[in-house]
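Comments concern the structure below.
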Amino acid sequence: MSEQTPYSGPQRILSGIQPTGNLHLGNYLGALKKFVDLQSAGWEGLYCVVDLHAITMPYDVPALKDQTRQIAAAMMACGLDPDESTIFVQSSVRAHTELAWIFNCVARMGWLEKMTQFKDKSGKDAERSSVGLFAYPVLQAADILVYKATHVPVGEDQKQHLELSRQVAARFNQQFGVPGFFPEPQPLIEGPGARIMSLKDGTKKMSKSDPAETSRINLIDDEATIAKKIKKAKTDTLGDMPETVEAMEGRPEVANLVGIYAALAGTSNEAVIEEFGGKGFGTFKPALADLAVAHLSPITTEMRRLLDDPAEIDRALAKGAEKANAVAEPIIEDVRKAVGFWQV
Ligand code: TRP
């Protein structure tokens, strides 16, 4: 569905990370590092820890606050600056839930029934899933649109949810006769590091829930662990490093390691192959391990420092909530008017 009157307001970014499980290299290269690059490029960005989303599945109540703080610490440790960007917790901006309710009445059951993530997460027992898990993408649309965000850096797996956000935006604009009110938010996915795969199976995404610890590098792993996991990463029996990018075809594990190297070094796969093509993994893997350690250990150290004295994180989140509220309030006010709510 395309807009007749396009949105013409300011461009801004919003993204969210769930406070569940440990962050790993895939989250770092696919999300956090991208956020920081976008901040450096001068984008206005809002980055939230999505605790409202975290309660759609069974969770540990006393642990939620600490996990929320950990994600905020990771955002800050990677280089998101609470003065330049807005770092906040989703539940501290009430407008998310209000807009989500209104969007629940805009989105159609059929749209949500298509969502593959719900099918995956609910498994065979969809009947016993929370209503919140079903409505999850509607809340995500509210996260984005309550700030009229135009661009959303996310992984491949969130493309379908973004598509739903565009549908909701277009239908809201049309249904309430406010053309161009909400933008149709676009994903920002491209670039090296968009999809980091398991170190044990190059066809599976690196995941928090993989039972094999050796399949992922956690942001809190120490240097020796990082180096060991990379040296033990699966390759294949097709010989040395490929001589061309085309020769990575059919070698998913090798392509993944090359992609990780390129993303960490800020170069392209071509440049990595130029340097390492034809060399043995005995040369490439230690170089990759050194690069990963050099890149991640300052982040780990900074995360630990922040978490040791969380006052700095909590101050940043308080300020972030204030800044986010200031953007969301006038927008939700306009929404209340558009949908005909009583004005007090
Ligand atoms: N669903 C996203 C994920 O699992 C997290 C998320 C929630 C999000 N709200 C968002 C991402 C808004 C981008 C924009 O990764």
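Both counts, for ligands and for their atoms, begin at 1 and track the order of listing.
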- Give the atoms of ligand 1, by number and element, whose distance to some non-hydrogen atom of Val50 is under 4.0 Å. 7 (C), 9 (N)
- Message: For the 3.5 Å polar cut-off, considering only N or O atoms, please tell me whether Gln158 and ligand 1 meet it.
- Response: yes
- Item | For Leu14, atoms of ligand 1 separated by under 4.0 Å from a heavy atom | 12 (C), 14 (C)
- Note on the structure: Candidates His53, Gln18, Gln117; heavy atom nearest atom 7 (C) of ligand 1 found on His53
- Query: So, the side chain of Gln11 versus the backbone of Thr150: is there a donor-acceptor pair under 3.5 Å, distance only?
  - Reply: no
- atom 5 (C) of ligand 1 [closest protein heavy-atom partner, distance rounded to 0.1 Å]: Gly16 O, 3.5 Å
- Message: Are His96 and Tyr147, when compared by the centres of their aromatic rings, separated by less than 6.0 Å?
- Response: yes
- Task: Using side chain to side chain contact (heavy atoms under 4.5 Å, CB included) as the criterion, list what pairs up with Ser15, not counting sequence neighbours.
- Result: Phe35, Tyr47, Pro153, Val154
- Message: So, regarding Gln140 and ligand 1 (criterion: nitrogen or oxygen to nitrogen or oxygen, under 3.5 Å), is there a contact or not?
- Response: yes
- Nearest neighbour in protein (non-hydrogen) for atom 9 (N) of ligand 1: Asp143 OD2, 2.7 Å
- Does CD belonging to Glu274 count more than 12 external heavy atoms closer than 6.0 Å? no
- Message: For atom 1 (N) of ligand 1, what is the closest protein heavy atom, and at what distance to 0.1 Å?
- Response: Tyr136 OH, 2.7 Å
- Query: Can you list the atoms of ligand 1 that are under 4.0 Å from a heavy atom of Val154?
  - Reply: 11 (C), 13 (C)
- Task: Give a yes or no on this: more than 12 heavy atoms of other residues, nucleotides or ligands lie within 6.0 Å of atom CZ of Arg108.
- Result: yes
- Query: What atoms of ligand 1 come within less than 4.0 Å of a heavy atom belonging to Val152?
  - Reply: 13 (C), 14 (C)
- Message: Checking the side chain of Glu253 only, and the main-chain atoms of Gly202 only, is there a donor and an acceptor separated by less than 3.5 Å?
- Response: yes
- Query: Does a sphere of radius 6.0 Å around CD in Glu322 hold more than 12 heavy atoms from other residues, nucleotides or ligands, not counting ones at 6.0 Å or beyond?
  - Reply: no
